[in-house]
Undergrad: 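Have a look at the structure that comes next, please.
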Amino acid sequence: MKWFLLFTLILFVSCAHEEVQRAPSSEAENIFYGDADPAKSIVKMFSSQMYFVEIKDANSRHVDRDMHEFEIREGSKKIGMKVKRVLRGRYYFILNEAENHSVKNLDFYVANVKLKFSFRTGLKPAHVAHTKMKVLRQTKSTVKIELVLKDENGRPVETPEAPEIIPDAEVQIEKLEHMGNGNWQVTLKYPGGNQLFYISVRSQGVYFKNLFRFQYVETDGRTQ
């Protein structure tokens, strides 16, 4: 009988210990509510129907809001969409496919606060066959590159938002200038010594992987 009581006690203690150590599995444990700061929050366009939204407060902390507080508007009209939470303060906004049929100016709201990012959809995007980059000027540590965005018919593409320049190395983007007529100029700063890196570009949800290859050889300072 004593052995049976001892066994029961050990089993009870073991089970109780296991319950204490078990971590909460609910995603709600990671939710942190706060007020969105339009100057700190970010919206990125992945496609004409999908947007990535980062909600940050005045202290640049990622914060959450309830799903019904997110809106995309075209003027005063609300656009139908689905919202998917990825991490704290990070969400995908997915537009209803049936509503994506014409040129629209889309604005993003969080709890009736308008974010600074707006997007114009329905425009023809740039096409990889006609979108090019070339070196305009370079030194031992900087290079100015021209980006020309053109559609599938070779016509210049004017975008409402600046294209995203994505080097695959430790390269600093010093300046991005809009020159008009689908033309942009970007100034990059890179570490000294021989350099070889690729530049990708994202524009209106279209991703141009490794659009441009840049090589600098320190001995003669020539681009290859």
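None of these values were measured; they are calculated from a predicted model.
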Undergrad: Rounded to the nearest 0.5 Å, what separates atom CH2 in Trp184 from atom CG in Leu149?
TA: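 The CG atom of Leu149 is 8.0 Å from CH2 of Trp184, to the nearest 0.5 Å.
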
Undergrad: For residues Ile79 and Met45: do they belong to one hydrophobic cluster (side chain heavy atoms under 4.5 Å, members Ile, Leu, Val, Met, Phe, Trp, Tyr)?
TA: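 Yes; tracing contacts between hydrophobic side chains, which count when under 4.5 Å, links both residues.
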
Undergrad: Please examine the side chains of Ser118 and Asn105, heavy atoms only from C-beta on, and report whether any two atoms are closer than 4.5 Å.
TA: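 No, every pair of side-chain atoms sits at 4.5 Å or beyond.
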
Undergrad: Among Phe46, Phe70, Tyr109, whose ring pair (Phe, Tyr, Trp, His ring centres under 6.0 Å) with Phe93 holds?
TA: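 Output: one option passes, namely Phe70.
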
Undergrad: When you compare the side chain of Val53 with that of Leu115, does any pair of heavy atoms fall below 4.5 Å?
TA: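 A side-chain contact exists here, since the closest heavy-atom pair is under 4.5 Å.
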
Undergrad: Ignoring hydrogens and geometry, is there a side-chain-to-backbone donor-acceptor pair from Lys40 to Asp57 under 3.5 Å?
TA: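 No, Lys40 side chain to Asp57 backbone: no donor-acceptor pair under 3.5 Å.
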
Undergrad: Output, in order, the C-alpha distance, side-chain angles, deciding distance and verdict of side-chain contact (heavy atoms from CB on, under 4.5 Å) for Leu188 and Ile199.
TA: CA-CA 10 Å; Leu188 304 176; Ile199 302 172; 3.5 Å; yes

Undergrad: Calculate, to the nearest 0.5 Å, the distance between atoms NZ and CG belonging to Lys56 and Asp37 respectively.
TA: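 One finds 10.5 Å between NZ of Lys56 and CG of Asp37.
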
Undergrad: To the nearest 0.5 Å, tell me how far Met81 CE sits from Ile94 CD1.
TA: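 If we round to the nearest 0.5 Å, Met81:CE and Ile94:CD1 are 10.0 Å apart.
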
Undergrad: Determine whether Lys140 and Tyr216 make a side-chain contact, defined as any pair of heavy atoms from C-beta on separated by less than 4.5 Å.
TA: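 Lys140 vs Tyr216: side chains touch.
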
Undergrad: With heavy-atom distances below 4.5 Å as the criterion, would you say the side chains of Glu177 and Lys144 are in contact?
TA: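 Counting from C-beta outward, Glu177 and Lys144 do come under 4.5 Å.
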
Undergrad: Same hydrophobic cluster for Ile55 and Met67, using side-chain heavy-atom links shorter than 4.5 Å among ILVMFWY?
TA: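 Same hydrophobic cluster.
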
Undergrad: Of all residues at least two apart in sequence or in a different chain, which pass the side chain to side chain contact (heavy atoms under 4.5 Å, CB included) check with Lys84?
TA: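 Per chain and number, Lys84 pairs via side chain to side chain contact (heavy atoms under 4.5 Å, CB included) with Tyr92.
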
Undergrad: Within a 6.0 Å radius of atom NZ on Lys82, are there more than 12 heavy atoms belonging to other residues, nucleotides or ligands?
TA: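 No, not enclosed.
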
Undergrad: According to a 4.5 Å side-chain heavy-atom criterion applied to Ile, Leu, Val, Met, Phe, Trp and Tyr, with indirect links allowed, do Phe212 and Val128 form part of one hydrophobic cluster?
TA: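 Per the 4.5 Å side-chain linkage, Phe212 and Val128 are co-clustered.
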
Undergrad: For residues Pro38 and Val113, report the shortest heavy-atom separation together with the two atoms involved.
TA: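 Minimum heavy-atom separation between Pro38 and Val113: CG-CG1, 3.5 Å.
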
Undergrad: Looking at Arg73 and Asp107, would you say the former's side chain and the latter's main chain have a donor-acceptor pair under 3.5 Å?
TA: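 No, because the side chain of Arg73 does not come within donor-acceptor range (under 3.5 Å) of the backbone of Asp107.
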
Undergrad: Which distance, rounded to the nearest 0.5 Å, do you find between the CG of Asp168 and the CG of Asn210?
TA: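 If we round to the nearest 0.5 Å, Asp168:CG and Asn210:CG are 6.5 Å apart.
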
Undergrad: Do Tyr190 and Phe214 have ring centres separated by under 6.0 Å?
TA: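 Yes, close enough.
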
Undergrad: Considering all heavy atoms of both residues, which atom of Phe208 and which atom of Ala126 are nearest to each other, and what is their separation?
TA: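 Taking every non-hydrogen atom into account, CZ-O, 3.5 Å.
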
Undergrad: Taking Asn181's backbone N and O only, do any of them form a donor-acceptor pair with Glu158's side chain (distance below 3.5 Å, no angle check)?
TA: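 Between the backbone of Asn181 and the side chain of Glu158 there is a qualifying donor-acceptor contact (under 3.5 Å).
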
Undergrad: Show your working on side-chain contact (heavy atoms from CB on, under 4.5 Å) between Leu136 and Gln185 and close with a plain yes or no.
TA: CA-CA 9 Å; Leu136 297 178; Gln185 292 183 4; 3.5 Å; yes

Undergrad: If we only count heavy atoms from C-beta on, is the Arg65 to Asp35 side-chain gap below 4.5 Å?
TA: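 Yes, close enough: below the 4.5 Å cut-off.
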
Undergrad: Do Met133 and Ile173 belong together in a cluster built from hydrophobic side chains that touch within less than 4.5 Å?
TA: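 Linked, Met133 and Ile173 end up in one cluster.
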
Undergrad: Just so I know, are the side chains of Ser41 and Val110 near enough to count as touching, which here means a heavy-atom distance under 4.5 Å?
TA: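 Side chain of Ser41 against side chain of Val110, heavy atoms only: no contact under 4.5 Å found.
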
Undergrad: Does the side chain of Thr131 reach to within under 4.5 Å of the side chain of Val206, using non-hydrogen atoms?
TA: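 No, their side chains stay 4.5 Å or more apart.
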
Undergrad: Do Asn59 side-chain atoms and Arg61 backbone N/O form a donor-acceptor pair below 3.5 Å?
TA: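 It does not hold such a pair.
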
Undergrad: Roughly how far, to the nearest 0.5 Å, is CZ of Arg85 from CG of Asn30?
TA: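 Rounded to the nearest 0.5 Å, the CG-CZ separation comes out at 6.5 Å.
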
Undergrad: Indicate the atoms forming the closest heavy-atom contact of His178 with Asn183, along with that distance.
TA: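 Distance-wise, the nearest heavy atoms are CD2-O, 3.5 Å.
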
Undergrad: Does Asp64 reach the main-chain N or O of Phe32 with its side chain, forming a donor-acceptor pair under 3.5 Å?
TA: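 Present.
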
Undergrad: Heavy atoms only: give me the nearest Lys116-Ala39 pair and the separation to one decimal.
TA: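 Distance-wise, the nearest heavy atoms are NZ-O, 3.7 Å.
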
Undergrad: Out of curiosity, does Val186 fall in the hydrophobic cluster containing Leu211 (side-chain heavy atoms, cut-off under 4.5 Å, transitive links)?
TA: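 In one cluster: yes.
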
Undergrad: Who pairs with Glu164 by side chain to side chain contact (heavy atoms under 4.5 Å, CB included), at least two apart in sequence or on another chain?
TA: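 Glu164 satisfies side chain to side chain contact (heavy atoms under 4.5 Å, CB included) with Lys44, Ile166, Arg202 once adjacent residues are dropped.
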
Undergrad: How long is the gap from NZ on Lys77 to CD on Glu71, to the nearest 0.5 Å?
TA: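 So the gap between those two atoms works out to 14.0 Å.
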
Undergrad: Just wondering, do Phe119 and Phe108 contact through their side chains at under 4.5 Å, heavy atoms?
TA: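 Of all side-chain heavy-atom pairs linking Phe119 with Phe108, at least one is under 4.5 Å.
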
Undergrad: Can you tell which of Gln204, Glu152, Lys124 makes a side-chain contact (heavy atoms from CB on, under 4.5 Å) with Val157?
TA: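 That would be Gln204; it is the only one of Gln204, Glu152, Lys124 passing the side-chain contact (heavy atoms from CB on, under 4.5 Å) with Val157.
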
